[in-house]
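Just so you know, these numbers use all the heavy atoms, side chains as well, and skip hydrogens, waters and symmetry mates. Chain letters run A, B, ... following the sequence lines, proteins first, then strands; residues in each count from 1.
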2 protein chains.
Amino acid sequence: MKMHELAKRSEQSPVCLGLDVREAYLPEILKNDTGLSREEKIFQFNKEIILHTEEAVACYKVQIACYEALGLEGLRAYAKTLQFARERGNIVIADVKRGDIASTAGMYAQGHFSGDFESDIMTVNAYMGEDAITPYFPYMEEKGKGLFALLRTSNPSAVDFQELQTDKGALYLEVARKIEEWGSRLPREGQFNAIGAVVGLTAPEAFEEIQAAMPHTFFLVPGYGAQGGTGKDLARVLKKSRCMVVNSSRGLITAHQGVEEGAEFAKVIQAKTEAMREEILQWV
Amino acid sequence: MKMHELAKRSEQSPVCLGLDVREAYLPEILKNDTGLSREEKIFQFNKEIILHTEEAVACYKVQIACYEALGLEGLRAYAKTLQFARERGNIVIADVKRGDIASTAGMYAQGHFSGDFESDIMTVNAYMGEDAITPYFPYMEEKGKGLFALLRTSNPSAVDFQELQTDKGALYLEVARKIEEWGSRLPREGQFNAIGAVVGLTAPEAFEEIQAAMPHTFFLVPGYGAQGGTGKDLARVLKKSRCMVVNSSRGLITAHQGVEEGAEFAKVIQAKTEAMREEILQWV
């Protein structure tokens, strides 16, 4: 089961490297290579990053929006990136945040858990309730796949709905209870269910409350580095339980900008990734 | 502005035809055509449907999950379908339900409001709050594009979260107020804002309450035909205000199955689409 594997890998490194690639992030050596298509440039960038960082990370998260923005060409680069990373034994989280129901959700499951875009774990949105989650069950049961459901996000307007007080407490706590319950219906390997949750780093107290409500849920935590969070905020939680991977995207994959030109970009990103791992591990 | 155009077209026909195409829906004549790729079969099916129904509908809704399920090949058929429909002057709703924030939402906006996958209006998920909506503003202001935000969906587990009682009333009512407010920040043409809402047909009383809370919001209503709703449920709302398009997908695009073989499939779908339009219009 991928969620169990991810939890194990997170003990060596809790780093999730986000391949949220934009053209502006490409190093000069790729930008200026007139022999490569845009698709190839992006794939080459990702490939070099993966080759240099796979020993230092728990997994990769690929934000599909960056690739959808470039149309079919972008999605070809997306497909090649996922295939390359997975063939080398890496765990890939497809950050697609799909949210639909019943047979439509089943089509998303087919699309992102098999074929050109096959990933190991995908992010989903559960605003439509259980019907947005159960269509993924066959892939979790038969192929060991996993989900990360959006729970408490780290953006300023997360408060618009997620923090509304309901007759069952804050909305995000009710979402938390449901995610834990849905995940508990599936076979578990080790401590964690096949359904995890996305929880932002910006509210450490809320994080501890959430974790208490869902002891079998593994977390994907965005917000490290470029989005503002630091290792300190993680320490309290991680000391109690190694229950998360921490994502950094821009903070890692733009590390080469202004620092180094030429073919060394991937080594700069590698060093930054290793530094992030060490920074987090020193706290726990 | 596309939402204004859509509202005007809905007076002639409130029908939104859903091109939620699966391989199983293809007529025998296409299924058995060994000279066509899967991509071409699906595109030919959509093309014939569009050519036969564009006088009878307000718009088309294309469910991207059906195409993502087939990987890159499916997305090429998706792109061709949108381009074909739009070049002929039809309004196309991309049913993508994307839900992300800030610059990531901006990438989705770029992806679905320009380039290969350009649509006129796209569906979005606002669980993450205002940050999931404002990145689309430039496309609404500069290109006349529109959004339909998920509000009260028609699936059984919509109650899991959407109907929770908050300190501001039912969650869906707070979402309704926010959608109306966000839309009101943009220039308006006619009665309706550029941001509409998706509201299911399964709760007519809730629909009237919602509409009262958002008088400038146009609705996309799924649930007609195959999902169970009928013209009767719409009558009370439509008599007061022509504030919606009503989607049917499977109920229309499988009308040919078991009825007619050969090249006539599109005429059968046309007749079924015209019958749906007449059925709804007789009530209002």
Could you check whether B:Glu209 and B:Tyr172, counting side-chain N and O atoms only, form a donor-acceptor pair closer than 3.5 Å?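 The criterion, which ignores hydrogens and geometry beyond distance, is satisfied for B:Glu209 and B:Tyr172.
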Check the orientation of A:Phe219 and A:Phe207. Use parallel for under 30°, tilted for 30 to 60°, and perpendicular for over 60°.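 Geometry flag for A:Phe207 against A:Phe219: perpendicular rings.
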So for [X], is it side chain, backbone, both, or neither that comes closer than 4.5 Å to the heavy atoms of chain B?
{"X": "A:Phe117", "answer": "side chain"}
{"X": "A:Arg76", "answer": "both"}
{"X": "A:Gln63", "answer": "side chain"}
{"X": "A:Val175", "answer": "both"}
{"X": "A:Leu72", "answer": "both"}
{"X": "A:Thr153", "answer": "side chain"}

Can you tell me which of B:Arg152, B:Gln110, B:Lys178, B:Gln165 forms the most heavy-atom pairs within a distance under 4.5 Å of chain A?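 When all of B:Arg152, B:Gln110, B:Lys178, B:Gln165 are compared, B:Gln165 has the most.
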Do the charged groups of B:Glu40 and B:Lys80 touch, with an N to O distance under 4.0 Å?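 Judged by the 4.0 Å cut-off on N to carboxylate O distance, B:Glu40 and B:Lys80 do not form a salt bridge.
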Ionic contact status for B:Arg98 with B:Glu68, cut-off 4.0 Å: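 Looking at B:Arg98 together with B:Glu68, the answer is yes, because their closest N to O distance falls below 4.0 Å.
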If the test is side chain to side chain contact (heavy atoms under 4.5 Å, CB included), which one of B:Ile93, B:Val245, B:Leu17 qualifies with B:Lys61?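 Of B:Ile93, B:Val245, B:Leu17, side chain to side chain contact (heavy atoms under 4.5 Å, CB included) with B:Lys61 is met by B:Ile93 alone.
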Between B:Tyr136 and B:His112 (judged by ring centroids, cut-off 6.0 Å), do the two rings come close enough to count as a pair?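 No: the rings miss the under 6.0 Å criterion.
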Option in A:Asp100, A:Leu171, A:Ile64, A:Leu75 with maximal non-hydrogen atom pairs under 4.5 Å from chain B: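 Of the options given, most contacts go to A:Asp100.
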